[in-house]
Amino acid sequence: MKIIGHAISVSTSTRNQMLNITRQVEDAVAKSGIQNGIVTVFCPHTTAGITINENADPDVCHDILLTLNKLLPQNLSGYQHSEGNSDAHVKSSLVGCSRQVMLNKGNLVLGTWQGLFFCEFDGPRTRSVHIQVMGQ
Ligand code: ZN
């Protein structure tokens with residue numbers, strides 16, 4: 001069994017944004033040479049996340065962010081964290097900071113309409129994403 005680590009940089013342009021990073025993850029898997037196993041996609045940030053959702057209609061990402069913003073307004077009365085980005089911290093915990101995807105014959109096991117997304121909740125920023133491929 002091999003374990004190959006890789007990191008990518010992601011630049012966001014707005015405060016809340018979902019970026020499709022499926023291609024970058026596929027590239028990291030291809031470079032690893034690993035055919036069967038699992039890939040972990042992890043973001044080391046407390047105001048961002050990683051999720052899997054629809055890759056075809058960009059309106060789905062729009063609507064996910066709209067829903068999160070309605071549920072978690074930036075200036076909710078009662079927030080105490082002095083940075084003023086508590087909504088982003090809560091969104092990060094709700095979405096989660098990592099996903100794992102199975103690998104089969106070098107391919108990510110994703111549904112036709114699924115993609116991996118980096119979720120920015122306190123941008124614009126330059127972020128990093130770690131991709132670890134484990135298998136043979
Ligand atoms: Zn903060």
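What you see is a predicted model; the values in this text were computed from it and never measured. Indexing begins at 1, ligand by ligand and atom by atom, following the structure's order. Keep in mind that the numbers below use all heavy atoms, side chains included, and drop hydrogens, waters and symmetry copies.
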Student: Closest heavy-atom contact between A28 and V133?
Tutor: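 Nearest heavy atoms, A28 then V133: O-CG2, 4.3 Å.
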Student: Starting from the Zn ion (ligand 1), count all protein N, O or S atoms within a radius below 2.8 Å.
Tutor: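 For the Zn ion (ligand 1), protein nitrogen, oxygen or sulfur atoms under 2.8 Å: 4.
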Student: I want to know whether H89 and H81 have ring centres closer than 6.0 Å.
Tutor: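 Between H81 and H89, which both carry aromatic rings, the centre distance is below 6.0 Å.
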Student: Can you name the nearest heavy-atom pair linking H45 to S128, along with the distance?
Tutor: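 Closest approach of H45 to S128, heavy atoms only: NE2-N, 3.0 Å.
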Student: One pair to check against side-chain hydrogen bond (donor to acceptor under 3.5 Å, both in side chains): N53 and T51. What are the steps and the verdict?
Tutor: CA-CA 7 Å; N53 216 295; T51 196; 5.3 Å; no
Student: Which residues pass the side chain to side chain contact (heavy atoms under 4.5 Å, CB included) test with V101, not counting sequence neighbours?
Tutor: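 By the side chain to side chain contact (heavy atoms under 4.5 Å, CB included) rule, V101 matches V39, I52, L108, L110, L116.
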Student: In terms of the angle between their ring planes, are H130 and F42 parallel, tilted or perpendicular, with boundaries placed at 30° and 60°?
Tutor: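 Taking F42 first and then H130, their aromatic rings sit tilted (interplane angle of 30° to 60°).
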